[in-house]
There are 2 protein chains.
Amino acid sequence: MPTMRTGPGRLPGMARPSKRTTLREVAEATGLSTAAVSYALRGKHVSKETEERVRKAAAELGYEADPIARALASGRTSMVGVLAGDLQDLWQQQLMAAIGRELLAGDRYALILDAGGDPDRELALAKQLRDQRVDALLVSPVNPSAEGWAAIADALPVVAVGDSLSAARTAGQVIFDNRAGIDAVLEYLHGLGHRRVTVLTPTRPSTPDRPADVYVGEAADRLGLRAELVPCPQELGEATLVARRVLDGERPATAVFCFSDSLAYGVYAAAAEASLEVGRDVSVVGFDDHPVSRVLTPPLTTVDWGLAEIAAEAARLTVAAIEGKRVRKKRILCAPRMSERGSAVRV
Amino acid sequence: MPTMRTGPGRLPGMARPSKRTTLREVAEATGLSTAAVSYALRGKHVSKETEERVRKAAAELGYEADPIARALASGRTSMVGVLAGDLQDLWQQQLMAAIGRELLAGDRYALILDAGGDPDRELALAKQLRDQRVDALLVSPVNPSAEGWAAIADALPVVAVGDSLSAARTAGQVIFDNRAGIDAVLEYLHGLGHRRVTVLTPTRPSTPDRPADVYVGEAADRLGLRAELVPCPQELGEATLVARRVLDGERPATAVFCFSDSLAYGVYAAAAEASLEVGRDVSVVGFDDHPVSRVLTPPLTTVDWGLAEIAAEAARLTVAAIEGKRVRKKRILCAPRMSERGSAVRV
DNA sequence: GCGGTTAACTTAAGCGGTTAACAAGCCCTC
DNA sequence: GAGGGCTTGTTAACCGCTTAAGTTAACCGC
């Protein structure tokens, strides 16, 4: 029978394998009650000198509070659930990365889940996150006006970031002024002489009166141009296929307005396949300003919303909501800034 | 004094606000002990009919086990800590998204942290993840051979994915055959007539004998070409600056080999600024095959490692390690596939 | 018909913290 | 000098679940 051991050899004097030091051990070492230690480590109710003594002992023993136990007792994990609408979208990947960084800087963890563009899944994942006891929920381009979100918002603070001017009760919102963005783009294209525009929208089951769609319709009517909405997956391969159909149609529109830069990349790919030159044979406008957009040929004309500030504000609102702080503005409106580059031209 | 209530109005008959149903309540409803219910819900030790009865009651009461309490009692959260080397790298963003999906499909959550390219931070974050009690740690392009990783691997299974042929004890590895990839690229460039190549590597404090660097040196010697290693940040703006310096130098190399596609985008941007044409004035090769790489002009010649399989294998190894299963191959070697496109040309 | 299994539950002791409630000591005040 | 109010601690009750160990009662072979 082979010698059993729970781990590899260990130098004498080192801490036991994966046995963490507990609060009780610190209490015993200091001759205090566990309660006193618990308070001391969080700087409450105890004298300066006791606090010092406890801290010292804790440090010596290498004590680190167990987040799970703490969560069970206190009701708060230090995790924020982050629900991404669709991580196939490169810009959302960027956003999630930025949000993760922001939260981590405040000693919180982002538990990021990807709804993959499916609204039903969004709600299911939101419930999973709630059940995971995250302290707050940060939902990205998601539409939390659906039935069922109330139950989520009841249980924990929800911060929305995206285009949803949702009626649902949220603890904060960072919203893109989509109407302004859409107006700006369509006016821009109109000014360049375009009269027929294809609008590539993310595929989501057609809620008939989705705000963005409505804005497009209104702006188109106002400007007197024809805008056709075409749903399109964010994944490049599929987006390329859809874009291909759009470009290959008979009498294709002169311009394609994409609701995300990722979709625009699909148009670039499709154009290349069809030997069309973006910025000459067809105009393309994106909607995110992803870093690589400026590397394309021609550089993609798009709408910048200020990703860094969005991530920072979202994190700030979320943390404030968790801590129950009052914030001056619970609703941050992001103004669009057109990044005019070479992909849209006069027709 | 205003009326206080804990939540918004609620229809009579609906469940109480954010009070979850507990195991005890199900136990009372069925007249069983909490233990019996606990067992029943996990299908152990109980009769078929009791199990059925419990399931029904649980469903009716809308019972959902509290993951925190479960974690405290059982010692396992259903979270996998995922440590990304640098999320500025677009390919790593893709990888993280894919890993997140894979794990979620298996009812586990990915707790993703970004080391931002800093090796010291890597270890610190790994410790944080361990303290968060994740069931396993999945480390992406990270070098776990450093001092201190042993303490991590002692406490939980560690799966490595990346180029690290690390000596540290891991529960599994998905490794890119970097030597093969580097050889392939340099041979390819050599075959095109290039004799001086700049190699853009991610900035990490210079561990003098990092494997990849060594491979470059060896391959260069063998082929008789001169390869200059230049560290470069993954963020596009900074990468562009570095690339700019590389391209502007006097007697610049004829080809730039980038250790990630993100770095290559920087070269494209720098080339455009300098009015150089990639694929004519300078050859560029990437190393990841990020989706957008094929959208660039010219499409980026790069090395594909099969992201989807990597993510799937990494998730599989991780789950296997958690469940203590034996796996046939604990070490998956990913072979490079050159995606030859238009960015590297004969000189 | 009797010890030995086994199936089906129950009991109860945690897991490692938090936190309300109470107690002791000390200083003031009236 | 009794009562009031701090400050500093302690006690003990959770938080909601898991699980080792114990209890019945039915079943079984001989």
Side-chain angles (χ1 to χ4, degrees), chain A residues 16 18-55 57-58 61-79 130-135 155-156 322, chain B residues 15-55 57-58 61-79 130-135 155-156 322:
Chain A
R16 316 163 234 35
S18 50
K19 219 59 180 166
R20 305 164 55 117
T21 22
T22 75
L23 194 62
R24 182 181 345 270
E25 296 178 276
V26 179
E28 279 162 8
T30 53
L32 290 167
S33 67
T34 63
V37 174
S38 172
Y39 284 129
L41 291 176
R42 284 169 303 140
K44 299 177 117 176
H45 289 309
V46 290
S47 68
K48 267 295 166 209
E49 58 184 45
T50 306
E51 178 174 338
E52 202 43 53
R53 193 155 52 95
V54 170
R55 272 193 205 299
L61 295 172
Y63 172 76
E64 202 82 44
D66 181 338
I68 301 291
R70 186 193 295 257
L72 182 60
S74 71
R76 53 188 106 271
T77 60
S78 43
M79 296 193 304
R130 176 201 52 184
D131 291 343
Q132 278 288 320
R133 292 278 166 106
V134 294
D135 293 340
L156 77 178
I322 293 170
Chain B
R16 313 163 237 35
S18 50
K19 220 53 178 172
R20 306 165 53 117
T21 20
T22 75
L23 194 61
R24 182 182 347 270
E25 296 178 276
V26 179
E28 278 162 8
T30 52
L32 290 166
S33 68
T34 63
V37 175
S38 173
Y39 285 131
L41 290 176
R42 284 170 302 142
K44 300 177 114 178
H45 291 311
V46 289
S47 67
K48 267 295 167 209
E49 59 184 46
T50 306
E51 179 174 339
E52 203 43 53
R53 192 154 54 93
V54 170
R55 273 195 204 296
L61 295 172
Y63 171 75
E64 201 82 44
D66 181 339
I68 300 293
R70 186 192 293 259
L72 183 58
S74 72
R76 55 189 104 269
T77 61
S78 43
M79 296 193 305
R130 176 200 52 185
D131 291 343
Q132 278 289 319
R133 290 277 164 109
V134 294
D135 292 340
L156 77 178
I322 293 171

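Chain A is the first sequence line, chain B the second, and so forth, proteins listed ahead of strands; every chain is numbered from 1. What's counted below: heavy atoms across the whole structure, side chains too, no hydrogens, waters or symmetry copies.
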Check your understanding: Donor-acceptor pair, B/R133 side chain versus A/D66 backbone, under 3.5 Å?
Key -> no
Check your understanding: Quick one: CE on A/M79 to CD1 on A/I322, what's the gap to the nearest 0.5 Å?
Key -> 11.0 Å
Point to revise | Phosphate OP1/OP2 of D/dC17 contacted by B/T34 side-chain N/O (<4.0 Å) | key: no
Check your understanding: What is the distance from CZ of B/R133 to C1' of C/dC15, rounded to the nearest Å?
Key -> 9 Å
Check your understanding: Hey, is the side chain of B/R70 poking within less than 4.0 Å of OP1 or OP2 on D/dT18, counting only N and O atoms?
Key -> yes
**Study point:** Partner nucleotide of D/dG4 by Watson-Crick or wobble geometry (both distances under 3.5 Å)
**Key:** C/dC27
Practice item. Just name whichever nucleotide pairs with D/dA13, Watson-Crick or G-U, keeping both distances under 3.5 Å, else none. Key: C/dT18
Point to revise | Spacing of B/L32 atom CG relative to C/dA8 atom P, expressed in whole Å | key: 13 Å
Check your understanding: Does the salt bridge (Lys or Arg N to Asp or Glu O under 4.0 Å) test come out yes or no for B/R55 and B/E51, once each step is laid out?
Key -> CA-CA 6 Å; B/R55 273 195 204 296; B/E51 179 174 339; 3.0 Å; yes
Review point. So does A/R42 get a side-chain nitrogen or oxygen closer than 4.0 Å to the phosphate oxygens (OP1/OP2) of C/dT18?
Key: yes
Exercise for review: Please round to the nearest 0.5 Å and tell me the distance separating atom CG of A/L23 and atom CG of A/L61.
Suggested key: 11.0 Å
Review point. How would you label the contact of A/S33 with the nucleic acid (heavy atoms, under 4.0 Å): base, sugar-phosphate, or nothing?
Key: base
**Study point:** Gap between atoms OH and P, on A/Y39 and D/dT8 respectively (whole Å)
**Key:** 14 Å
Exercise for review: First locate atom CZ of B/R70, then atom CZ of B/R42, and finally report the distance between them rounded to the nearest 0.5 Å.
Suggested key: 6.5 Å
Point to revise | Between C/dC15 (P) and A/L23 (CG): distance, integer Å | key: 13 Å
Review point. What side-chain hydrogen bond (donor to acceptor under 3.5 Å, both in side chains) pairs are there with at least one residue in residues 27-37 of chain B, not counting sequence neighbours?
Key: none
**Study point:** Nucleotide nearest B/A65 when distance is taken to its side chain, options C/dC15, D/dC17, C/dT10
**Key:** D/dC17
Review point. Mapping B/A73 and B/T50 onto DNA chain C by nearest heavy atom, which one lands closer to the 5' end?
Key: B/T50
Review point. Taking only N and O in the side chain of A/S74, is any of them less than 4.0 Å away from OP1 or OP2 of C/dT18?
Key: no
Point to revise | Complement of C/dA13, any strand, by Watson-Crick or G-U distances under 3.5 angstrom | key: D/dT18
Practice item. Go through D/dT8, C/dG17, C/dC9 for me and flag the one nearest to the B/V46 side chain. Key: C/dC9
Review point. If only side-chain N and O atoms of A/S38 are considered, is one of them under 4.0 Å from the OP1 or OP2 phosphate oxygen of C/dT18?
Key: yes
Check your understanding: Taking atom P of C/dG16 as reference, at what distance in whole Å does atom OH of A/Y63 sit?
Key -> 10 Å
**Study point:** Nearest-angstrom distance from the residue atom CD of B/E28 to P of C/dT10
**Key:** 13 Å
Exercise for review: Measure from CD on A/E25 to C1' on C/dG16 and round the result to the nearest Å.
Suggested key: 11 Å
Practice item. Using atom NZ of B/K48 as one end and atom P of C/dA7 as the other, report the distance to the nearest whole Å. Key: 14 Å
Practice item. Between B/A35 and B/L72, just flag the one whose closest nucleotide in DNA chain D comes earlier from the 5' side. Key: B/L72
